[in-house]
Amino acid sequence: MNQQQIKYTIERVGQIESKKLAALRVECTVPAKWLTDEHRLALVQGRKVKLREGLTALRRRDDIGDVFDFSKYEWSERKTADFEKRQEAIKADASRIKDEIMLGDHVAALELLRKFEA
């Protein structure tokens, strides 16, 4: 492979890696869930939520979320437990293919690129 072909192939690996990582982020993202004020009030009135642990005093400006624990019912966006492991596997594959392109023969590199894209 000449320099231009190597550069192109490395760029393709980067594009495929980015596409796979973006799809993984979407697949492994648990969307945020937020409660309305009315729903929070209903949970408090229904005694479904407990006071936060370690609460020793109430202040005039405390928010209801400072007083009661709504963590079972609402959360921020987060990734699934296997996200990091799967992300590292994709990055490792891309790195291995780039090494093969730079140090190996072009036939093997092309085959690896095709497998990575699939």
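The structure displayed is predicted, hence computed values, not measured ones.
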query: Is Gln45 reaching over with its side chain to a backbone N or O of Ala42, donor-acceptor style, under 3.5 angstrom?
result: no

- request: To the nearest 0.5 angstrom, please state how far the CZ atom of Arg52 sits from the CZ atom of Phe68.
  value: 10.5 Å

Kindly list each side-chain donor-acceptor pair under 3.5 angstrom involving residues 88-97, sequence neighbours excluded, with atom names and distances?
none

Sequence-distant partners of Glu74, side-chain contact (heavy atoms from CB on, under 4.5 Å), two or more places apart: Trp34, Leu35, Arg40, Phe70

message: Nearest 0.5 Å, please: how far is CE in Met102 from OG1 in Thr9?
response: 10.5 Å

task: Applying side-chain hydrogen bond (donor to acceptor under 3.5 Å, both in side chains), name anything that partners Asp99, two or more places apart in sequence or on another chain.
output: none

Name the atoms and distances for all side-chain donor-acceptor pairs under 3.5 Å in residues 26-33, with sequence neighbours left out.
from, atom 1, to, atom 2, distance (Å)
Glu27, OE1, Arg86, NH2, 3.3
Glu27, OE2, Arg86, NH1, 3.1
Glu27, OE2, Arg86, NH2, 2.8
Thr29, OG1, Arg25, O, 2.3
Thr29, OG1, Lys79, NZ, 2.9

task: Would you list the pairs meeting salt bridge (charged side-chain N to carboxylate O under 4.0 Å, His left out) in which at least one residue belongs to residues 12-23, sequence neighbours left out?
output: Arg12-Glu117, Glu17-Lys98

message: Tell me whether Gln4 at atom CD has more than 12 heavy atoms from other residues, nucleotides or ligands lying less than 6.0 Å away.
response: no

Within one Ile-Leu-Val-Met-Phe-Trp-Tyr cluster: Val49 and Leu41, side-chain cutoff 4.5 Å: no

field: Joint hydrophobic cluster, Tyr8 plus Val13, side-chain heavy atoms closer than 4.5 Å
entry: no

- prompt: What residues form a side-chain hydrogen bond (donor to acceptor under 3.5 Å, both in side chains) with Glu111, not counting sequence neighbours?
  reply: none

